[in-house]
Structure formats: C-alpha cells, structure tokens
Amino acid sequence: LLFTLNTLLRKAAETGHVHPMHIDNLSRQFAIQIESCLSLQQLDALRTSMIRKYCMLVNNYSRQAYSVIIQTCMDYIDFHYNFPLSLSALAGLCSVSESYLSTLFKKETKMTVTEYINSTRIRQALILLNSSAMSIGEIASQCGFFDANYFSRVFKKQLGLSPKEYRD
C-alpha cells in the first residue's frame, strides 16, 4: 500500500508543477525506505513522513505560479547552481533578451536573478554544513561560489551568521 501511496503522492506533486527530477529523487528514497521496513510501526511512521515530505516538496518547488520562461530559468538554476550562471546565459536558454528576463523574473519572483541564484546556492550550502565535515571553502566551491569570501558575505547577508558561526 505504501508503494501505491508513493505513486499517488508523485502524481499529486506533478499536478503541483514540481520538476520531475525533484519528484524522482524523493520517490526513489521512499521506495528504498519502504523495502527496508521490518515492522508495521515503521511502515506507519514512514506513511506520515511521506505525506509530510511530499507536501514540503510541493511547497518548496512548485512552479505553478510562474510563467514557462521563469519555470525554465528556476529549474535550470536549481539543477546547475554549482556552475557559473549568468543572466545572459539564462536569457539565451529561454530565447529572450536579458532586460525582458530580468524584468519578468523580478515581477514574478519578487527577487532578481542573482538573488535567486544566491539563495539556491545558500540553501545547498546549508545542507552541506549540516551533513558534512567539508571545509567552508570546499562547501563554497561545491555550491558555485568560487570565492569563499563572497560566499561568506552572501551567507551572512541572508542568514545573519557567517558559515562558521552557523556550523558551530
């Protein structure tokens, strides 16, 4: 029954306009967890976790409120945050001018393209700070910040703490 629930939750996330790659990652994790459960109590707890995490997925990654151009840009940034990104490259990807993309992005997301790129990179940095022993410089590099000082400034601006203070 949990495999069926996983499929139904996948379909609901698709209806919520979440990129299939996000859905596949979560679905795969749950399929592995379902197979490894040894008791009904574990299955029951997993059911609750599945519903909560799929809701969080839709809440965090739904692109329903955005135009196709902005959805394309956001998805591209989400999956290529660790590479150099620019407004001109994104405009080329969507076959629109830089000024049009910049204006549309700000109108629909209430942030600039650079702000979105940095917030995506910081979100990934938080995951690494919480789950790895990598150095701050390594995390900065892994998240697309090729200058650790710039990474620290952006991190502090967004969270009010330096990466080191956050980790401590």
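FYI, side chains are in, hydrogens and waters are out, and symmetry mates aren't considered; it's all heavy atoms of this structure. Small disclaimer: the values here were computed from a predicted structure and weren't measured.
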**Q.** Heavy-atom check, side chain of Tyr66 versus side chain of Thr72, under 4.5 Å
**A.** no

Q. Atom CD of Glu35 and atom SG of Cys37: how far apart are they, to the nearest 0.5 Å?
A. 10.0 Å

Q. Between Asp168 and Lys164, is there a side-chain N and carboxylate O pair less than 4.0 Å apart?
A. yes

(Q) Is it the case that the side chain of Gln142 and the backbone of Glu138 share a donor-acceptor pair, with hydrogens and angles ignored and the cut-off at 3.5 Å? (A) no

Q: Hey, could you give me the CE/CZ distance between Met50 and Arg10, rounded to the nearest 0.5 Å?
A: 11.0 Å

Q) Which pairs pass side-chain hydrogen bond (donor to acceptor under 3.5 Å, both in side chains) with one or both residues in residues 12-23, sequence neighbours excluded? A) none

Q: Give a yes/no verdict on a cation-pi contact between Arg121 and Phe145, requiring under 6.0 Å between NZ or CZ and the six-membered ring centre and an angle within 45° of the axis.
A: yes

Q | Heavy-atom pair with the smallest gap, counting every atom of Pro163 and Phe151 | A | CG-CE2, 3.5 Å

Q: Answer yes or no: is there a donor N or O on one side and an acceptor on the other, between the side chain of Ser141 and the main chain of Gly137, under 3.5 Å?
A: no

**Q.** Polar side-chain atom of Asn60 near backbone of Met56 as donor-acceptor pair, under 3.5 Å
**A.** yes

Q: Considering non-hydrogen atoms only, spot the tightest contact between Leu104 and Ser67 and give its length.
A: CD2-OG, 3.8 Å

Q: Could you tell me which non-hydrogen atom of Ile139 sits nearest to which non-hydrogen atom of Ser132, and how far apart they are?
A: CD1-OG, 4.3 Å

(Q) Are Tyr76 and Tyr81 connected into the same hydrophobic cluster when the rule is that any two of I, L, V, M, F, W, Y join if their side-chain heavy atoms are below 4.5 Å apart? (A) no

Q.
I need the minimum non-hydrogen distance between Cys94 and Cys73, along with the two atoms involved.
A. SG-SG, 3.4 Å

Q: Start with the C-alpha distance between Glu115 and Asn118, add both sets of side-chain angles, then the distance that settles side chain to side chain contact (heavy atoms under 4.5 Å, CB included), and finish with yes or no.
A: CA-CA 5 Å; Glu115 289 169 341; Asn118 284 340; 5.9 Å; no

(Q) If the condition is side chain to side chain donor-acceptor pair (under 3.5 Å), which residues does Thr114 pass it with, not counting sequence neighbours? (A) none

Q: Check the pair Asp78, Arg123 against side chain to side chain contact (heavy atoms under 4.5 Å, CB included), reporting the backbone distance first and the verdict last.
A: CA-CA 10 Å; Asp78 285 352; Arg123 188 173 56 238; 3.6 Å; yes

Q: Spell out, as yes or no, whether a donor-acceptor pair under 3.5 Å connects the side chain of Thr109 to the backbone of Phe105.
A: yes

(Q) Quick one, Pro84 and Phe146 - any side-chain contact, counting heavy atoms below 4.5 Å? (A) yes

Q: Give, for atom CD1 of Ile51 and atom CG of Leu5, the distance between the pair rounded to the nearest 0.5 Å.
A: 5.5 Å

Q: Would you give the length of the straight line joining atom CG of Leu101 to atom OG of Ser88, rounded to the nearest 0.5 angstrom?
A: 10.0 Å

Q: Drop me the distance from Ile77's CD1 to Thr120's OG1, to the nearest 0.5 angstrom.
A: 6.0 Å

Q.
Looking at every non-hydrogen atom in both residues, tell me the closest pair between Ile117 and Leu85 and how far apart they are.
A. CD1-CB, 3.8 Å

**Q.** Plane angle bin for Tyr166 and Phe155 - parallel if under 30°, tilted between 30 and 60°, otherwise perpendicular
**A.** perpendicular

Q.
Test of understanding: clusters of I, L, V, M, F, W, Y form through side-chain heavy atoms closer than 4.5 Å, transitively. Do Tyr150 and Leu129 belong to the same one?
A. yes

Q) Any side-chain heavy atom of Arg52 sitting closer than 4.5 Å to one from Thr48? A) no

Q | For the student: nearest non-hydrogen atoms of Leu57 and Ala13, plus distance | A | CD2-CB, 4.4 Å

Q) OG of Ser119 to NZ of Lys157: how many Å apart, nearest 0.5 Å? A) 11.5 Å

(Q) Are more than 12 heavy atoms, taken from residues, nucleotides or ligands other than Tyr100, located less than 6.0 Å from that residue's OH atom? (A) no

Q: May I have the step-by-step check of side chain to side chain contact (heavy atoms under 4.5 Å, CB included) for Phe30 and Leu26, ending in yes or no?
A: CA-CA 6 Å; Phe30 281 128; Leu26 187 59; 3.4 Å; yes

Q.
Do Phe79 and Ile70 sit in one hydrophobic cluster, given that two such residues count as connected whenever their side-chain heavy atoms are within less than 4.5 Å of each other, even indirectly?
A. no

Q. When Arg167 is tested against each of Ile136, Asn130, Leu161 for side-chain contact (heavy atoms from CB on, under 4.5 Å), which residue passes?
A. Ile136

Q: Ignoring hydrogens and angles, tell me if any N or O in the side chain of Gln33 forms a donor-acceptor pair with the backbone of Leu46 under 3.5 Å.
A: no

Q) Just wondering, do Ser152 and Ser162 contact through their side chains at under 4.5 Å, heavy atoms? A) no

**Q.** Hphob cluster co-occupancy, Leu8 + Val18, side-chain heavy atoms under 4.5 angstrom
**A.** no

Q | Note: Arg153-Asp147 ion pair, threshold 4.0 Å (strictly below) | A | no

Q) Would a distance-only check, ignoring hydrogens and angles, find a side-chain to backbone donor-acceptor pair under 3.5 Å from Ser27 to Ile23? A) no

Q: Side-chain contact test, heavy atoms from C-beta onward, threshold under 4.5 Å: evaluate it for Val113 versus Glu98 and give yes or no.
A: no

Q) Under a single-linkage definition using a 4.5 Å side-chain heavy-atom cutoff for Ile, Leu, Val, Met, Phe, Trp and Tyr, are Met74 and Met21 assigned to the same hydrophobic cluster? A) no

Q | Donor-acceptor contact present, side-chain Ser131 to main-chain Ile127, <3.5 Å | A | yes

